[in-house]
Amino acid sequence: MIVVNLDVMMARRKMSLSQLSEKVDITLANLSVLKNNKAKAVRFSTLEAVCAALDCQPGDILEYVPDEPSGVE
């Protein structure tokens, strides 16, 4: 599963969701969906704008977390 750590980067940069929204010209609603791990996809242009605004790399925002195995052997 991919986890979005947008809230972590925003906290590190001391930036609110509304400030980020203004900088990247993306609605609060769409950024909120992304921040709350509800997004099914992210456009590269959106990722690029967010990274530019937060002065970070995509890997600072997106994290791969493997699913835990369902059974114990």
Side-chain angles (χ1 to χ4, degrees):
M1 137 170 142
I2 301 295
V3 176
V4 180
N5 294 313
L6 183 58
D7 53 344
V8 174
M9 286 309 300
M10 288 171 40
R12 287 183 183 164
R13 302 297 188 252
K14 297 180 179 162
M15 189 178 296
S16 70
L17 197 62
S18 58
Q19 290 171 320
L20 182 60
S21 174
E22 287 178 18
K23 283 188 173 233
V24 297
D25 197 30
I26 297 171
T27 66
L28 276 171
N30 285 339
L31 278 178
S32 182
V33 167
L34 183 60
K35 182 176 89 86
N36 293 315
N37 279 308
K38 302 292 184 196
K40 299 291 182 191
V42 177
R43 291 182 179 186
F44 282 151
S45 59
T46 299
L47 187 57
E48 183 179 357
V50 169
C51 287
L54 294 174
D55 189 29
C56 66
Q57 294 295 313
D60 296 328
I61 296 172
L62 302 176
E63 176 184 6
Y64 171 68
V65 178
D67 292 333
E68 292 188 25
S70 57
V72 177
E73 294 181 30

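Please read all numbers here as calculations on a predicted model, not as lab measurements. Computation of the quantities below employed the complete heavy-atom set of this structure, encompassing side-chain atoms and omitting hydrogens, waters and symmetry-equivalent molecules.
- Residues C56 and R12 have side chains not in contact (no heavy-atom distance under 4.5 Å, counting atoms from C-beta outward).
- Rounded to the nearest 0.5 Å, atoms CE (M15) and CG (L6) are 10.0 Å apart.
- Atom CD1 of residue I61 and atom CE of residue M10 lie 10.5 Å apart, to the nearest 0.5 angstrom.
- No continuous path of hydrophobic side-chain contacts links L31 to V3 [ILVMFWY only; heavy atoms under 4.5 Å].
- Across C51 and P58, no two heavy atoms sit closer than the pair SG-N, 3.5 Å.
- Side chains of M1 and D67 form a contact here, defined as non-hydrogen atoms less than 4.5 Å apart.
- Side-chain contact between D60 and L54 is absent, with no heavy atoms from C-beta onward closer than 4.5 Å.
- The structure places CD of Q57 at 9.5 Å from CE of M9, a figure rounded to the nearest 0.5 Å.
- Within 6.0 Å of atom CD in E63, more than 12 heavy atoms from other residues, nucleotides or ligands are found, so the atom counts as buried in its surroundings.
- Distance check: N36 CG to D7 CG gives 8.0 Å after rounding to the nearest 0.5 Å.
- In the hydrophobic clustering of this structure, I2 does not group with V8; members are Ile, Leu, Val, Met, Phe, Trp, Tyr whose side-chain heavy atoms approach within less than 4.5 Å, directly or through other members.
- The distance from atom CG of L20 to atom CG of D25, rounded to the nearest 0.5 Å, is 11.0 Å.
- In this structure, L28 and L17 have side chains that are in contact, with non-hydrogen atoms separated by less than 4.5 Å.
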Requested in this report: Would you check, one step at a time, whether the test side-chain contact (heavy atoms from CB on, under 4.5 Å) holds for N5 with L62?
Outcome: CA-CA 6 Å; N5 294 313; L62 302 176; over 6 Å; no

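- Side-chain heavy atoms closer than 4.5 Å link hydrophobic residues (I, L, V, M, F, W, Y) into clusters, and following such links, possibly through other members, connects Y64 to V50.
- With rounding to the nearest 0.5 Å, the separation of CG in N30 from NZ in K35 is 14.0 Å.
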